[in-house]
Protein chains: 2
Amino acid sequence: MGRRSDHSREEIRKMAIDAATKIVETEGFQALTARKVASNIGYTVGTLYHVFRNFDDLVIHMNAQTIDEIVARMQKAVGKKRSPEGRIRAMAAVYVDFATEHPDRWRVIFEHQAPPGVPTPELMGVRRDVVFEMVAENFRELSPNHIPQEVAHAATALWSGIHGICILALTGKLYLGGAFSMSKLVDTLIDSVLNEFRRTQSAD
Amino acid sequence: MGRRSDHSREEIRKMAIDAATKIVETEGFQALTARKVASNIGYTVGTLYHVFRNFDDLVIHMNAQTIDEIVARMQKAVGKKRSPEGRIRAMAAVYVDFATEHPDRWRVIFEHQAPPGVPTPELMGVRRDVVFEMVAENFRELSPNHIPQEVAHAATALWSGIHGICILALTGKLYLGGAFSMSKLVDTLIDSVLNEFRRTQSAD
DNA sequence: CCATTATTTGAACATCGTTCAATAATCATG
DNA sequence: CATGATTATTGAACGATGTTCAAATAATGG
């Protein structure tokens with residue numbers, strides 16, 4: 001073969017990422033293979049490595065796309081709400097829903113760690129911070145009396161907690177003594193942290 | 001070779017688990033290999049498979065031992081505290097400390113998923129529930145007015161949240177806008193959930 | 001002392017990520 | 001239009017992985 005030019009570099013990248021997403025979604029992460037991705041888009045491994053530097057590089061870009069999808073859904077949901085509290089709850093609902101609907105894709109985001117030669121300096125970091133920023137922004141609006149550090153702290157604590165509920169629920173590692181719903185657990189966390197946040201005041 | 005009988009089946013299992021633990025601790029999970037474990041204890045792969053049915057089986061037993069270690073530390077820490085709240089905080093501190101001191105071992109517990117033929121029915125489940133039970137027990141003692149469901153619910157929400165903070169912090173996926181300490185984030189979550197718990201009352 | 005039994009080995013297999021020379025199709029040029 | 005340069009694509013090859021299993025070996029029992 002040779003320069004077939006059926007697809008551009010960028011087109012192949014997109015095709016590969018989409019194929020990888022579909023494989024993870026239907027067969028789980030452990031079924032994701034460079035050769036399988038390549039053959040699913042009508043190419044061979046060599047081509048894949050011509051377009052991604054690593055297998056991990058492919059995974060990283062797939063994850064970035066997943067995060068973008070989550071953020072997009074959050075922004076859409078947030079737009080419909082008037083109060084900061086409503087927006088925070090809407091964001092959490094999107095997070096929980098996405099994790100429930102796409103458990104494998106969601107897990108890969110957090111459980112995939114690129115070995116030594118990490119080509120992920122900012123690609124993911126920036127996207128993570130976007131989510132935290134969205135939460136923090138609403139905390140800020142909720143109570144302008146807090147200093148930025150306190151706002152960011154509360155937002156981080158809450159969001160990490162929500163994340164923890166999702167992870168344990170998804171991996172079946174939640175306490176089974178009482179078959180709780182993720183939504184209710186998340187509600188409890190939101191109620192708790194928001195109330196505590198309103199009660200607390202800056203020392204300044 | 002042949003029946004050398006230098007070590008019993010059970011001794012080899014223990015040696016293998018300890019060797020695996022050491023490898024994970026020093027080189028990370030991706031460096032854990034059946035052949036490496038075997039050679040580190042003076043045997044070959046074949047023997048390892050004579051004693052564990054899977055590579056995953058070995059990992060699972062390693063994880064069980066790690067959880068046992070965490071639980072033991074928790075029980076020790078809990079023994080020194082008088083109040084339920086003090087005990088909950090002590091447990092959380094142990095959890096955070098262990099995750100910080102042994103990040104790779106801690107992560108394997110939660111990120112390792114045994115493929116299809118899972119030989120992990122109760123081995124892990126029981127151990128997880130032990131931790132949740134310890135937390136729930138102190139919630140119960142904290143406020144006898146709540147019905148068991150509410151107690152378990154609050155305990156689950158708090159502990160999942162703490163777990164989330166540990167995971168995100170360990171994997172470097174926490175919001176960097178404010179370089180928070182895990183302990184303070186955990187404190188915020190504990191304060192929030194405990195206060196909310198005290199405020200809430202059973203409808204009965 | 002030999003036969004049985006249990007233990008340990010290591011070669012073999014399929015599959016994985018990864019590399020890279022060879023190949024084939026296109027483009028540019030005269 | 002033909003020919004050479006360029007580039008996309010291939011697929012064989014490599015080392016390492018988990019896993020299996022017949023063979024080899026040591027201990028045991030009669």
Side-chain angles (χ1 to χ4, degrees), chain A residues 1-17 19-20 23-24 27-63 104 108 111-120, chain B residues 1-17 19-20 23-24 27-63 104 108 111-120:
Chain A
M1 307 287 167
R3 182 195 328 183
R4 209 166 56 191
S5 206
D6 281 356
H7 307 97
S8 73
R9 244 181 105 86
E10 223 46 49
E11 282 174 333
I12 295 180
R13 283 173 70 92
K14 175 113 189 73
M15 288 163 61
I17 292 173
I23 292 169
V24 169
E27 309 175 53
F29 180 66
Q30 85 283 2
L32 187 66
T33 280
R35 285 174 177 81
K36 193 183 286 187
V37 170
S39 93
N40 278 18
I41 62 173
Y43 285 89
T44 57
V45 238
T47 301
L48 210 59
Y49 276 82
H50 182 63
V51 158
F52 292 101
R53 80 179 78 183
N54 268 340
F55 180 75
D56 293 295
D57 194 30
L58 166 61
V59 175
I60 285 164
H61 282 84
M62 179 185 71
N63 284 343
D104 289 302
V108 186
E111 293 180 3
H112 177 263
Q113 57 175 348
V118 225
T120 340
Chain B
M1 308 287 168
R3 182 196 325 186
R4 210 166 54 191
S5 206
D6 282 354
H7 307 97
S8 73
R9 245 181 103 87
E10 223 47 49
E11 281 174 331
I12 294 180
R13 284 172 69 93
K14 175 116 188 70
M15 287 163 61
I17 292 173
I23 292 169
V24 169
E27 309 175 54
F29 179 66
Q30 86 283 0
L32 187 65
T33 281
R35 285 173 177 83
K36 192 182 286 184
V37 170
S39 93
N40 278 18
I41 63 173
Y43 286 89
T44 57
V45 239
T47 302
L48 209 60
Y49 276 83
H50 183 62
V51 158
F52 292 100
R53 80 179 77 183
N54 268 341
F55 180 75
D56 292 296
D57 194 30
L58 165 60
V59 175
I60 286 164
H61 281 83
M62 179 185 72
N63 284 341
D104 289 302
V108 185
E111 294 182 3
H112 176 262
Q113 56 173 347
V118 225
T120 341

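Residue numbers start from 1 in every chain, and the chains themselves are labelled A, B, ... in the order their sequence lines are given, proteins ahead of strands. Since the model is a prediction, treat every value here as computed from it, not as a measurement.
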May I have the distance from A:Arg9 (atom CZ) to D:dT6 (atom P), rounded to whole angstrom? 18 Å

On DNA chain C, check which nucleotide each of A:Gly46 and A:Thr33 is closest to and give me the residue with the more 5' one. A:Thr33

Could you check how far NE2 of A:His50 sits from P of D:dT6, rounded to whole Å? 16 Å

With respect to the side chain of B:Tyr43, which nucleotide from C:dT8, D:dT9, C:dG17 is positioned closest? C:dT8

Residue of the set A:Arg9, A:His7, A:Glu10 for which side chain to side chain contact (heavy atoms under 4.5 Å, CB included) holds with A:Val51: A:Arg9

Walk me through whether B:Phe55 and B:Val37 qualify under side-chain contact (heavy atoms from CB on, under 4.5 Å). CA-CA 10 Å; B:Phe55 180 75; B:Val37 170; 5.5 Å; no

For the CE atom of B:Met62 and the CG atom of B:Leu58, what is their distance to the nearest 0.5 Å? 7.0 Å

Between B:His112 and B:Phe29, what is the ring plane arrangement, given parallel below 30°, perpendicular above 60°, and tilted in between? perpendicular

Could you tell me whether B:Tyr49 contacts a base, only the sugar-phosphate backbone, or nothing, with contacts defined as non-hydrogen atoms closer than 4.0 Å? base

Please report the distance, rounded to the nearest Å, between CD in B:Glu11 and C1' in C:dT8. 16 Å

In whole angstrom, what separates A:Asp6's CG from D:dT7's P? 18 Å

Separation of D:dT9 atom P from A:Phe52 atom CZ, nearest Å, is 14 Å

Expressed as a whole number of angstroms, how long is the span from A:Gln30:CD to C:dG17:P? 12 Å

Looking at the side chain of A:Asn54, which of D:dT10, D:dT19, C:dT18 is the nearest nucleotide? C:dT18

Sole residue of A:Met15, A:Lys14, A:Glu11 in side chain to side chain contact (heavy atoms under 4.5 Å, CB included) with A:Ile41: A:Met15

Would you say B:Thr47 reaches C:dT7's phosphate, i.e. side-chain N/O to OP1/OP2 under 4.0 Å? no

What is the separation between atom NE2 on A:His7 and atom P on D:dT10, rounded to the nearest whole Å? 12 Å

Which part of the nucleic acid, if any, lies within reach of B:Leu58 when heavy atoms closer than 4.0 Å are counted: base, sugar-phosphate only, or nothing? nothing

What's the closest nucleotide to the side chain of B:Arg35 if the choices are D:dT19, D:dT9, C:dT8? D:dT19

Give A:Leu48 one of three labels, base, sugar-phosphate or nothing, depending on what nucleic acid heavy atoms sit under 4.0 Å from its own. nothing

Whole-Å distance separating the CG atom of B:Asp57 from the P atom of D:dT20: 12 Å

Closest to the 5' end of DNA chain D, once A:Thr44 and B:Val45 are matched to their nearest nucleotides, is A:Thr44

